[in-house]
Amino acid sequence: MKIDTAIAIFIARGMVFMQLRHLGTNTKQDGSPKLYSSDEERRYVVQGWRTDEPRQIEIPHPLLGFLEPDTCLGARLHDTGHGTFLLTGEPLTDSEALEQLRIPAHETAVIVDIGEEQRPDAVPA
């Protein structure tokens, strides 16, 4: 898994700035959907296709391959049955942040907690 650490974006959330690290992109055309992490807040910012629900985006299955090791999205995913998941999170609404991320009009981004992977086959430490 390749992690692109060269991209850092600062997003204003109230009076706090969140530094994002680009983890990966799964694209066919315009360079998105994308996955970012914020080390300060232990959250993922996930860019995906808009849905009818403002708190929900659609993302391709392969985008999850860019998650940091031993982590998961701290939110439920709903498999659409056609190679994508529906993901619900906190909408990224800051207009400056959306502009910095260069999100196309047919996409948006949500913020979700970084979960800790807990596998049923894990050996207790």
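A quick note: this is a predicted structure, and the numbers were derived from the prediction, not measured.
Under the 6.0 Å cut-off for aromatic ring centres, F85 and H61 qualify, their centroids lying closer than that.
The side-chain heavy atoms of V110 and T88, taken from C-beta on, include no pair separated by under 4.5 Å. Within the 4.5 Å cutoff, the side chain of Y36 has no heavy atoms near those of the V46 side chain.
Here the side chain of R50 pairs a donor or acceptor atom with the backbone of E107 at under 3.5 angstrom. Here the side chain of T51 pairs a donor or acceptor atom with the backbone of E53 at under 3.5 angstrom. Between the side chain of D113 and the backbone N or O of G115 there is no donor-acceptor pair closer than 3.5 Å.
The neighbour count for D70 CG, taken as heavy atoms of other residues, nucleotides or ligands under 6.0 Å away, does not exceed 12.
With rounding to the nearest 0.5 angstrom, the NE2 atom of H78 is 12.5 Å from the CG atom of L87. Remark: L73 CG to R43 CZ distance equals 12.5 Å, nearest 0.5 Å. Taken to the nearest 0.5 Å, the CG atom of L35 stands 9.0 Å off from the OG1 atom of T25. One finds the NZ atom of K34 at 12.5 Å from the CG atom of L23 (value rounded to the nearest 0.5 Å). Annotation: the span from Q47 atom CD to I103 atom CD1 amounts to 4.5 Å, rounded to 0.5 Å. Residue T80 holds its OG1 atom at 11.0 Å from CG of L77, rounded to the nearest 0.5 Å.
For the residue pair S37/E68, the side-chain donor-acceptor check at 3.5 Å is satisfied. In the model, E58 has a side-chain atom that pairs as donor or acceptor with a side-chain atom of H82 under 3.5 Å.
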### Query
Between T71 and Y44, is a side chain to side chain donor-acceptor pair (under 3.5 Å) present by the stated rule, with each step listed?
CA-CA 10 Å; T71 71; Y44 283 121; 2.6 Å; yes

### Query
Run the side chain to side chain contact (heavy atoms under 4.5 Å, CB included) check on L92 and L101 step by step: do they pass?
CA-CA 11 Å; L92 179 61; L101 292 174; 3.6 Å; yes

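For the residue pair L20 and S38, the shortest heavy atom distance occurs at CD2-CB, 3.8 Å. Heavy-atom minimum distance, N26 versus P62: ND2-CB, 3.2 Å. Of all non-hydrogen atoms in P91 and P54, the two that sit nearest each other are CG-O, 3.7 Å.
Cluster membership for L63 and L86, using ILVMFWY side-chain heavy atoms within less than 4.5 angstrom, is not shared.
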